[in-house]
Undergrad: 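Shown below is the structure under consideration.
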Amino acid sequence: MTVEIPIPTDRPVRVRIAPSPTGEPHVGTAYIALFNKVFAEKNNGRFILRIEDTDQRRSTPESEQAILDSLRWLGLDWHEGPDIGGPYGPYRQSERTELYREHAKYLIDEGNAYYCFATSEELDEMRATAKEQGLRTAYDRRYRDLPREEVERRLAAGEPYVVRLKMPLSGTTRVTDGLRGDIDIDNAELDDQILLKSDGFPTYHLANVVDDRLMQITHVIRAEEWIPSTPKHVLLYQAFGWEPPVFIHMPLLRNNDKTKISKRKNPVSLEYYRTTGYLPEALVNFLARMGWSMPDESEKFEYREMLEHFDFGRMSLGGPIFDLDKLDWLNGMYIRELEPGDLVARLQGWLLGSGYLSAVAPLVRERIKRLGDFIPSTTFFFGGFDPLPAEALVPKGKERVEAYRALRAVTEAVDSMSTWDEATIEEALRAQVEATGFKVRDLFMMVRLAVTSQKATPPLFESMAVIGKARCQYRLREATNTLKP
Ligand code: GLU
């Protein structure tokens, strides 16, 4: 495929990733970061990390920190970002809300956006009517042309409002994607999108466009799942009278069955890969091969070699399969190449360093007579882990399907936890005792067996806290799948 990505001649290439800190650091974020970084470096540009934390309810500082740590672990470091600053900061959207409000106000003053006072009942009613009449948009634009005095009156009365963009009522909007060419969207399919929410916070669309502009982003390289948002962004650039950046949408990573990568079928947390013992360079190599190839099609190459040969023309769009067997194979090759001294250093940098050992040691101190007992009594903290067969997991007197349902409920409860410490784990598991109707002893034993493969272990919640959420999730999911009738 010959692909010509336009490169500006009058200003530097600037690209960014813009993760939302709402959960575990995701492999997809690392994938997109890698291609942004290599493109920036190939073009002597800058790679920026921006935190999109406008969803106040779901964003957490722990998640932000985990994203930064994981990307650094992979060597995907950035030139500007919330932790290191830079000339276009702040790099965290929650610190930029005034800018978004000013920009929304500007659009209103220019006649390109408006205050919408629709109540949630009105919106429900509009949705129902749209459904009934088979309309493609759900909002009937009833506040779009409200007389000025009426708007003033409602604002003065303190009525809650959102700000919406006036979308064109007819015609098409063209999105040009660097890898896919032109995509034309019928404007009649687009609702008047919300720019500012009733809490005064911007939507993703407004904040994303304003920041890309103010941070002088030249190329937006992001996942395919954002294609439906892009026409909205293009219209927003037009409303501001700005030239949009070049858009490049990367193919979605897929599970073996071709569905979009999901934690149900693959571990997606970078924490899982780090704690399980993948080498960062192997994971980077693996991600680089997702849709991209070296001119000689070799499987094993380092970032440096990717950079040397990088060109979006070598990208193929058919959804790359995230195949863990292949990652294991690559990782094994990287490990075999390490000098013995390096291997020792890697082991110590992994879980055999004093940090992790200090968390494990107190848990087994009461249980060992000789230092040597430490090794057999702690294997599951490190990964020496043989999943048990279904018979071993089902509590006495229970049917396999009951055990399956109960463990699935536990797994889902663990998935939705946003803090991970002894107390929250205990709370979440106790809630599942009630929910499943299992006896405490039975349910906790099943979880213990799923997570450690052993009947006797140090206290369960503390052990899970130390093993970490990502590996517990993985082990629980594996055990649930084993029980599946
Ligand atoms: N905040 C979006 C995300 O979570 C950013 C998408 C984009 O790159 O525009 O991925």
Side-chain angles (χ1 to χ4, degrees), residues 13-40 45-68 70-71 76 78 80-82 88 90-97 99-100 175-180 183 193-195 197 201-237 242 244-253 260-263 268-270 287 290 312 418:
V13 163
R14 291 175 56 82
V15 297
R16 84 319 187 258
I17 52 163
S20 296
T22 54
E24 273 98 292
H26 199 280
V27 278
T29 304
Y31 174 57
I32 299 297
L34 170 64
F35 282 84
N36 271 281
K37 183 176 166 82
V38 76
F39 180 75
R46 307 270 283 180
F47 168 47
I48 289 109
L49 173 70
R50 177 173 78 227
I51 292 291
E52 298 207 331
D53 58 348
T54 53
D55 185 340
Q56 290 283 286
R57 219 169 22 86
R58 294 175 55 225
S59 301
T60 65
E62 293 78 26
S63 168
E64 176 183 319
Q65 194 57 48
I67 293 171
L68 268 54
S70 300
L71 293 175
L76 300 174
W78 43 96
E80 298 166 29
Y88 298 89
Y91 294 90
R92 202 177 277 119
Q93 289 188 329
S94 56
E95 293 164 23
R96 302 170 62 83
T97 48
L99 280 170
Y100 311 128
V175 171
T176 304
D177 179 285
L179 300 178
R180 294 154 216 263
I183 309 172
Q193 57 171 306
I194 299 181
L195 303 178
K197 297 181 276 188
F201 269 71
T203 54
Y204 154 68
H205 304 297
L206 177 67
N208 187 270
V209 164
V210 167
D211 283 351
D212 282 347
R213 172 68 184 193
L214 297 183
M215 295 181 180
Q216 306 209 9
I217 299 303
T218 54
H219 300 75
V220 166
I221 304 168
R222 63 182 167 198
E224 186 178 322
E225 61 186 329
W226 299 101
I227 292 180
S229 296
T230 311
K232 301 181 189 176
H233 296 179
V234 168
L235 287 167
L236 206 39
Y237 280 100
W242 297 336
V246 176
F247 293 103
I248 296 169
H249 290 97
M250 300 289 290
L252 281 185
L253 304 181
K260 175 184 161 185
I261 192 168
S262 64
K263 63 177 161 224
V268 293
S269 169
L270 292 168
L287 292 174
M290 296 282 122
F312 269 116
S418 54

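Order of listing sets the numbers, starting from 1, for every ligand and every atom in it.
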Undergrad: Give the intermediate values and the outcome of side-chain contact (heavy atoms from CB on, under 4.5 Å) for residues Phe47 and Glu80.
TA: CA-CA 7 Å; Phe47 168 47; Glu80 298 166 29; over 6 Å; no

Undergrad: Only counting residues at least two apart or in another chain, list the ones meeting side chain to side chain donor-acceptor pair (under 3.5 Å) with His219.
TA: none

Undergrad: So, for Phe35 and Phe39, is the gap between ring centers shorter than 6.0 Å?
TA: no

Undergrad: Between Tyr204 and Trp226, does the ring centroid distance fall short of 6.0 Å?
TA: yes

Undergrad: Determine the sole option in Arg50, Arg92, Arg14 for which the salt bridge (charged side-chain N to carboxylate O under 4.0 Å, His left out) test with Asp211 is passed.
TA: Arg50

Undergrad: Using a threshold of 4.0 angstrom between heavy atoms of the protein and any atom of ligand 1, which residues qualify?
TA: Arg16, Ala18, Ser20, Glu52, Tyr204, Asn208, Arg222, Trp226

Undergrad: Can you find a heavy atom in the side chain of Asn208 that is under 4.5 Å from one in the side chain of Arg16?
TA: yes

